[in-house]
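Structure record follows, encoded as structure tokens.
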Amino acid sequence: MIVSRRIVLHFPGRLVDRPIVYRLIKDYDLEFNILKASVTPEEEGLMVLELKGKQEDYDKGINYLTKAGVRIQSLSQNVIRNEERCTHCGACITICPTGAFELDPLTRQTSFDNARCVACGLCIKACPPRAMELHF
Ligand code: SF4
Ligand code: SF4
């Protein structure tokens, strides 16, 4: 059976320069499409991937990534904003790798577009009043 999943990979600093994803094609016969890649200020690498291949190859590839030290997150997680807590400080705007937040220059209000969110979790740590929440 062929599976196709969207996942987020978090690379610790020591793995950022290593050809980890390349080996997914070479050793596990998987196809991938990079939807987003970035390195955060803490030097953590973040990559949003669409990974496709036979179920057994997919499972082996995920196992390889996990053993290599990559943290994997499924996109089935949902991030929401608690509007009552948000103070529109704007701290989330620069930290979000997919541009899910926007500042209205006139009202100085920050909007959140859930459809652009890939559930990486970065804004949850960065939001001072803890307005961003991860739901399963
Ligand atoms: S960091 Fe938190 S409080 Fe600040 S604008 Fe973003 S969601 Fe609102
Ligand atoms: S979890 Fe936050 S920082 Fe990550 S993509 Fe979603 S809105 Fe952006």
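Whatever order the structure lists them in is the order used to number ligands and atoms, beginning at 1.
- Put simply, the side chain of Phe112 reaches to within 4.5 Å of the side chain of Val79, judged on heavy atoms.
- Listed by number with element, the atoms of ligand 1 under 4.0 Å from a non-hydrogen atom of Cys86 are 3 (S), 5 (S), 7 (S), 8 (Fe).
- The backbone N or O of Glu50 lies less than 3.5 Å from no partner atom in the side chain of Arg6, so there is not a single donor-acceptor pair.
- From the protein, the heavy atom lying nearest to atom 5 (S) of ligand 1 is Gly90 N, 3.2 Å.
- Distances below 4.0 Å separate heavy atoms of Pro129 from the following atoms of ligand 1: 3 (S).
- With respect to atom 8 (Fe) of ligand 2, the closest heavy atom belonging to the protein is Cys96 SG, 2.3 Å.
- By the criterion of side-chain heavy atoms lying less than 4.5 angstrom apart, applied directly or through intervening Ile, Leu, Val, Met, Phe, Trp or Tyr residues, Ile95 is not grouped with Ile80; the two fall into different hydrophobic clusters.
- Close approach of ligand 2 to Cys123 (heavy-atom distance below 4.0 Å) involves ligand atoms 1 (S), 2 (Fe), 3 (S), 7 (S).
- The Phe101 neighbourhood of ligand 2 comprises atoms 7 (S), with distances under 4.0 Å to a heavy atom of that residue.
- Residue contacts with ligand 1, taken as heavy atom pairs separated by less than 4.0 Å, do not involve Ala126 at all.
- Heavy atoms of Thr110 found under 4.0 angstrom from ligand 1 belong exclusively to the side chain.
- Judged by distance alone, the side chain of Arg130 and the main-chain N or O of Lys125 form a donor-acceptor pair under 3.5 Å.
- What sits closest to atom 6 (Fe) of ligand 2 on the protein, heavy atoms only, is Cys117 SG, 2.4 Å.
- Not one N or O on the side chain of Lys52 forms a donor-acceptor pair closer than 3.5 Å with the backbone of Ile2.
- Both Leu134 and Met132 sit in one connected hydrophobic cluster of ILVMFWY residues. Membership requires side-chain heavy atoms under 4.5 Å apart, directly or through other members.
- When each of Leu46, Leu49, Leu51 is checked for a side chain to side chain contact (heavy atoms under 4.5 Å, CB included) with Leu9, only Leu49 meets the rule.
- No heavy atom of Ile95 sits closer than 4.0 Å to any atom of ligand 2.
- Residue Phe112 has at least one heavy-atom neighbour below 4.0 Å for each of these atoms of ligand 2: 7 (S).
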Candidate pair Arg23 and Tyr64, rule side-chain contact (heavy atoms from CB on, under 4.5 Å), full reasoning
CA-CA 9 Å; Arg23 285 196 55 194; Tyr64 153 71; 3.6 Å; yes

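- Considering only non-hydrogen protein atoms, atom 2 (Fe) of ligand 1 sits nearest to Cys127 SG, 2.3 Å.
- Set against the non-hydrogen atoms of His88, the atoms of ligand 1 under 4.0 Å away are 5 (S), 8 (Fe).
- Shown here for Ser111 and Arg81, the closest heavy-atom pair between the two residues is CA-NH2, 3.8 Å.
- Rounding to the nearest 0.5 Å places CE of Met1 at 4.5 Å from CD of Gln55.
- Close approach of ligand 2 to Thr98 (heavy-atom distance below 4.0 Å) involves ligand atoms 5 (S).
- For a distance bound of 2.8 Å, the N, O or S atoms of Cys92 include one lying that close to atom 6 (Fe) of ligand 1.
- Ranking the protein heavy atoms by distance from atom 1 (S) of ligand 2 puts Gly121 N, 3.2 Å first.
- Leu24 places none of its side-chain heavy atoms less than 4.5 Å from the side chain of Asp29.
- For ligand 1 and Arg81, the ligand atoms under 4.0 Å from any heavy atom of the residue are 7 (S).
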Check against side-chain contact (heavy atoms from CB on, under 4.5 Å), Ile62 and Ile72:
CA-CA 8 Å; Ile62 293 292; Ile72 301 168; 3.8 Å; yes

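- For atom 4 (Fe) of ligand 1, the closest heavy atom belonging to the protein is Cys89 SG, 2.3 Å.
- Heavy atoms of Arg85 found under 4.0 angstrom from ligand 1: none, in either backbone or side chain.
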